[in-house]
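Written out below as structure tokens is the structure these notes cover.
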Amino acid sequence: MIYNKNVTMKILAIIPVRGGSKGIPQKNIRAFNGQPLIALSLEAAKQSSVVDRVIVSTESQEIADISIAHGAEVPILRPTEMAGDSSPVIDAVIHMLDYLRDREQYEPTHILLLQATSPLRRASDIDAAVQLYQERGADSLVSVCRTENALYFKREDDVLESVVDGYRTRGNRQELPVCYKLDGSMIYLVRTDLFRETRSFFSGRLVGYEVERWRAVDLDEIQDFVIGELIHKHRDEIAKDIQNFK
């Protein structure tokens with residue numbers, strides 16, 4: 001727990017993990033550089049200085065057992081109807097919040113959603129994101145990374161139109177505003193009361209916590225998993241080379 005302007009933040013970290021991944025079978029507990037993928041998110045959350053509790057939401061007893069072995073709480077299994085391919089993660093989060101409120105009288109002030117598919121998240125990212133959230137007086141926060149600013153969308157007739165106003169009249173991309181995209185699934189933070197009211201992690205005053213593009217790895221496809229392992233294995237070397245680049 002941390003304090004700002006005499007206000008206490010009680011942050012509940014929730015890691016939603018389904019057992020039925022199709023793109024990469026058993027993705028969330030598949031070995032990733034020698035340990036279950038979910039263990040990396042659990043480690044980051046537990047090492048953070050700002051997280052009050054770390055809970056996994058899953059319908060799978062196997063995932064629950066592995067999560068508990070790596071230091072997480074699994075107070076209740078998620079109903080299977082909330083664990084399908086099209087099941088909104090919001091329903092799973094509310095299910096857990098309701099259980100904790102009704103059975104334990106536990107109500108966090110904030111929800112920190114951490115997807116297991118972001119293996120390059122660090123505890124320091126969580127701490128820095130919460131600090132930014134407080135400094136900016138935010139209601140919600142998401143992690144982002146920079147992206148190309150020469151962006152287009154294509155109409156049905158294949159005509160391209162610029163997403164950024166004025167792109168065609170400006171000679172250099174350096175003159176364009178910096179653009180950002182969601183980094184995949186590294187950090188979502190929101191006030192619990194606002195989340196319940198809006199059923200969204202993008203509510204109220206939304207701020208972005210910037211992550212370096214090379215760390216914005218989201219494991220969705222097999223190629224992501226293979227490349228993600230390589231980056232994770234050499235992450236310290238990569239960070240050092242970037243910092244010392246001349």
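Hydrogens, waters and symmetry mates are skipped; everything else that's a heavy atom, side chains included, is used. Residues: numbered from 1 along the sequence shown.
Applying the ring pair (Phe, Tyr, Trp, His ring centres under 6.0 Å) test to residues at least two apart or on different chains, none of the pairs has a partner in residues 40-62.
No more than 12 heavy atoms of other residues, nucleotides or ligands sit less than 6.0 Å from atom CZ of Arg136.
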Cut-off 3.5 Å, no hydrogens considered: what does the side-chain donor-acceptor table look like for residues 195-204, sequence neighbours left out?
{"unit_1": "Arg196", "atom_1": "NH1", "unit_2": "Asp98", "atom_2": "OD1", "d": "2.9"}
{"unit_1": "Arg196", "atom_1": "NH2", "unit_2": "Asp98", "atom_2": "OD1", "d": "2.9"}
{"unit_1": "Thr198", "atom_1": "OG1", "unit_2": "Leu194", "atom_2": "O", "d": "2.8"}
{"unit_1": "Thr198", "atom_1": "OG1", "unit_2": "Ser200", "atom_2": "N", "d": "3.4"}
{"unit_1": "Thr198", "atom_1": "OG1", "unit_2": "Ser203", "atom_2": "OG", "d": "2.6"}
{"unit_1": "Arg199", "atom_1": "NH2", "unit_2": "Asp91", "atom_2": "OD1", "d": "2.4"}
{"unit_1": "Ser200", "atom_1": "OG", "unit_2": "Phe202", "atom_2": "N", "d": "2.9"}
{"unit_1": "Ser203", "atom_1": "OG", "unit_2": "Ser200", "atom_2": "O", "d": "3.1"}

Let me have the donor-acceptor pairs involving side chains of residues 69-79, under 3.5 Å, with sequence neighbours excluded, atom names and distances please.
{"unit_1": "His70", "atom_1": "ND1", "unit_2": "Ile66", "atom_2": "O", "d": "3.0"}
{"unit_1": "Glu73", "atom_1": "OE1", "unit_2": "Arg53", "atom_2": "NH2", "d": "2.5"}
{"unit_1": "Glu73", "atom_1": "OE2", "unit_2": "Arg53", "atom_2": "NE", "d": "3.0"}
{"unit_1": "Arg78", "atom_1": "NE", "unit_2": "Ser57", "atom_2": "OG", "d": "3.0"}
{"unit_1": "Arg78", "atom_1": "NH1", "unit_2": "Met82", "atom_2": "O", "d": "3.0"}
{"unit_1": "Arg78", "atom_1": "NH2", "unit_2": "Ser57", "atom_2": "O", "d": "2.7"}
{"unit_1": "Arg78", "atom_1": "NH2", "unit_2": "Ser57", "atom_2": "OG", "d": "3.4"}

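Between Phe32 and Lys27 there is no side-chain heavy-atom pair separated by less than 4.5 Å. Contact check for Leu97 versus Ile111: side-chain heavy atoms found under the 4.5 Å cut-off.
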* Asked: Can Gln61 and Asp65 be said to form a side chain to side chain donor-acceptor pair (under 3.5 Å), step by step?
  -> CA-CA 6 Å; Gln61 187 62 57; Asp65 292 341; 2.8 Å; yes
* For Ser41 and Arg121, what are the C-alpha separation, side-chain angles and deciding distance, and is it a side chain to side chain donor-acceptor pair (under 3.5 Å)? -> CA-CA 7 Å; Ser41 293; Arg121 181 197 303 107; 2.8 Å; yes
* Derivation and outcome, salt bridge (Lys or Arg N to Asp or Glu O under 4.0 Å), residues Glu212 and Arg215 -> CA-CA 6 Å; Glu212 303 98 315; Arg215 287 202 303 122; 2.9 Å; yes
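In this view, Arg146 and Glu210 satisfy the side chain to side chain donor-acceptor pair (under 3.5 Å) rule, not counting sequence neighbours. Every residue was checked against the ring pair (Phe, Tyr, Trp, His ring centres under 6.0 Å) condition with His234, not counting sequence neighbours, and none meets it. By the ring pair (Phe, Tyr, Trp, His ring centres under 6.0 Å) test, Tyr209 pairs with no residue at all, sequence neighbours left out.
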